Amino acid sequence: MKCSQVSVIGVLLIPILHGADLTGRWLGSTQTPDGQKRETVIALKTEGDRLSGYMSSPQGDTAISEGKVNGDEISFVIVREMGGQERKIQYTGKLSADGLLMKMPGFVDRPGRDLLVRRVSTDPPKPLPPPVAKIALPAMQDVKPNGLARTPPMGWNSWNKFRNKVSDQVVREIADAMVKNGMKAAGYVYVNIDDTWEGSRDAQGAIRSNEKFPDMKALADYVHGKGLKLGIYSSPGPKTCAQFEGSFQHEEQDARTFAAWGIDYLKYDWCSAGRVYQSSSMPAVYAKMGQALLDSGRPIVYSLCQYGAQNVGEWGARAGGNLWRTTGDIRDTWRSMDDLGFEKQIGLEKYAGPEHWNDPDMLEIGNGGMSETEYRTHMSLWSLLAAPLLAGNDLRDVSPGILEILLNKEVIAVDQDKLGKQGVRISKNGDLEVWARPLADGSHAVCLFNRGDASAKVTARRSDLGVKGSCKVRDLWAHADRGKFSDEYAAEVPSHAVVMVTVH
Ligand code: GLA
């Protein structure tokens, strides 16, 4: 090989071996499933094979760590506080003629996706300000129980269907619909406004609703006039998850405002609180609002939303909570519902009981991502788990099939059973599972689930139920008596379906 050839190869290889110079600001955009545009900004600096910089999100700039350049490939880690826990998220990317093709992380039912980011400037990243010290609150003081939610709350919540499109008009129309379509009569009483109602604070620091909700008190009066109750949403952090005003440092004032408006239910969502509080202060942070609600003098159901972090079952009730989320957000897919409902509730039953419930998140029934068979499983499992039943669909426009699922009185009676015992899995054979819960009248509710892809026979054994003698069976979806059994009850259960019975 001639000398000149060696040097040409050398020149070409240097940027590849040591990594290309990627210093600059990179920008890409995607559409979220609900149609909103989301921008990803990555500011990078390369020094040889080292990569530094930060990633911007609505929550602020997060430094990248463990950054490496290897030829035309990069990798780095972002550490984010998510629901009271630090999570390491791994990103990788590959340089092409068009830009950097990033692999964005996925979720349980959504695979990671590719995102092309393009360089919009070659300026090196600005230095990030040093992290602010997080607040540590003194240990939690127990909050006296408010005596509400003797059975799991039932109602509707705006988030799953409406996201930021919820408004005064939507809430009024939903309340009207709940009266007309039989939901109110079936026990669904809370009409809950989720995130995106918040406006700015006035000169005295009082929270105001935004232009979508011209008069919260008038709305509460309207909802009360229908014999229903109104719920609202806030965060202990400075910002809610959708980046609206949170209750940070305004807890007592906000509780008084909510009470004055006539609010009956508060969902309190951790969101940005992790930026200001140490995670270990979470119980005290929640107790602070629990006490403020109690001090407001109005009965307000208190719903903790912190995705099950910090072992919430151990302290949620003592913080004044009537219910607490046990998981991340539900999505309208079989994978998501199946994962949250079947896998993530195991072992939590000891925390549930009258006035304090595990919350595997709101219902997706009727939102279109699952079949009616799957929605029947969703309704049955949530009822067996003594979970809150908060419909999350557009109740102004419900098909008869979906309404029948939401209005099944025999299934609702299981959810609302006075004994308040959360059901448990009593047997598992691959995808075939039997779950049961004891009821106040001495009978048991039993679900024969088939989580698999093909129809199969599912068997419930009397010995697993721990009952003696012969048992009378009633099918809660067929609304039919099924005679008696002594050793076992078996039924053919289609894929993703359930047979739900009571056994007397
Ligand atoms: C979080 C909660 C959701 C919803 C949104 C609103 O993701 O878990 O249930 O309240 O915030 O921004």
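As the structure lists them, so they are numbered: ligands from 1, and atoms in each ligand from 1. For clarity, every value in this text was computed on a predicted model and none was experimentally measured.
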Chemist: Measure the distances from the heavy atoms of Thr240 to every atom of ligand 1 and state whether one is below 4.0 angstrom.
Modeler: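 The answer is no: ligand 1 sits nowhere under 4.0 Å from a heavy atom of Thr240.
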Chemist: Which of parallel (below 30°), tilted (30 to 60°) and perpendicular (above 60°) describes Trp334 and Phe342?
Modeler: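 Because their plane-to-plane angle lies in the 30° to 60° range, the rings of Trp334 and Phe342 count as tilted.
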Chemist: Using a 4.0 Å heavy-atom cut-off, which part of Cys271 comes near ligand 1: side chain, backbone, both, or neither?
Modeler: neither
Chemist: Tell me: protein heavy atom nearest atom 5 (C) of ligand 1, and distance?
Modeler: Trp159 CE2, 3.6 Å
Chemist: If we only count heavy atoms from C-beta on, is the Val166 to Asp194 side-chain gap below 4.5 Å?
Modeler: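 No. Closest side-chain heavy atoms not under 4.5 Å.
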Chemist: Would you say ligand 1 has an N or O under 3.5 Å from any N or O of Asp195?
Modeler: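 So ligand 1 has an N or O lying under 3.5 Å from an N or O of Asp195.
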Chemist: Within this structure, what is the CE-NZ distance for the pair Met154 and Lys184, rounded to the nearest 0.5 Å?
Modeler: 13.5 Å
Chemist: Is it the side chain (CB and beyond), the backbone, both or neither of Asp269 that lies under 4.0 Å from ligand 1, heavy atoms counted?
Modeler: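 Side chain only; the backbone of Asp269 stays clear of ligand 1.
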Chemist: When you measure from atom 3 (C) of ligand 1 to every protein heavy atom, which one gives the shortest distance, and what is it?
Modeler: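 Its nearest protein heavy-atom neighbour is Asp329 OD2, 3.5 Å.
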Chemist: Taking the side chain as every heavy atom from C-beta outward, state whether Val301 and Lys229 have any atom pair closer than 4.5 Å.
Modeler: no
Chemist: Asp194 to ligand 1: N or O pair under 3.5 Å?
Modeler: yes
Chemist: Any non-hydrogen side-chain atom of Glu245 less than 4.5 Å from a side-chain atom of Ser200?
Modeler: no
Chemist: For Arg163 and ligand 1, answer yes if some heavy atom of the residue is under 4.0 Å from a ligand atom, otherwise no.
Modeler: no
Chemist: Would Thr326 and Gln345 count as having a side-chain donor-acceptor pair, cut-off 3.5 Å?
Modeler: yes
Chemist: Which ligand 1 atoms does Lys267 reach within 4.0 Å, using its non-hydrogen atoms?
Modeler: 3 (C), 4 (C), 9 (O), 10 (O)
Chemist: For ligand 1, which atoms have a heavy atom of Tyr307 less than 4.0 angstrom away?
Modeler: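 So the answer, numbered in order with elements, is 8 (O).
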Chemist: Find out whether Val77 and Tyr91 are in side-chain contact, i.e. whether some heavy atom of one side chain is under 4.5 Å from a heavy atom of the other.
Modeler: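 Heavy-atom side-chain distance check fails, nothing below 4.5 Å.
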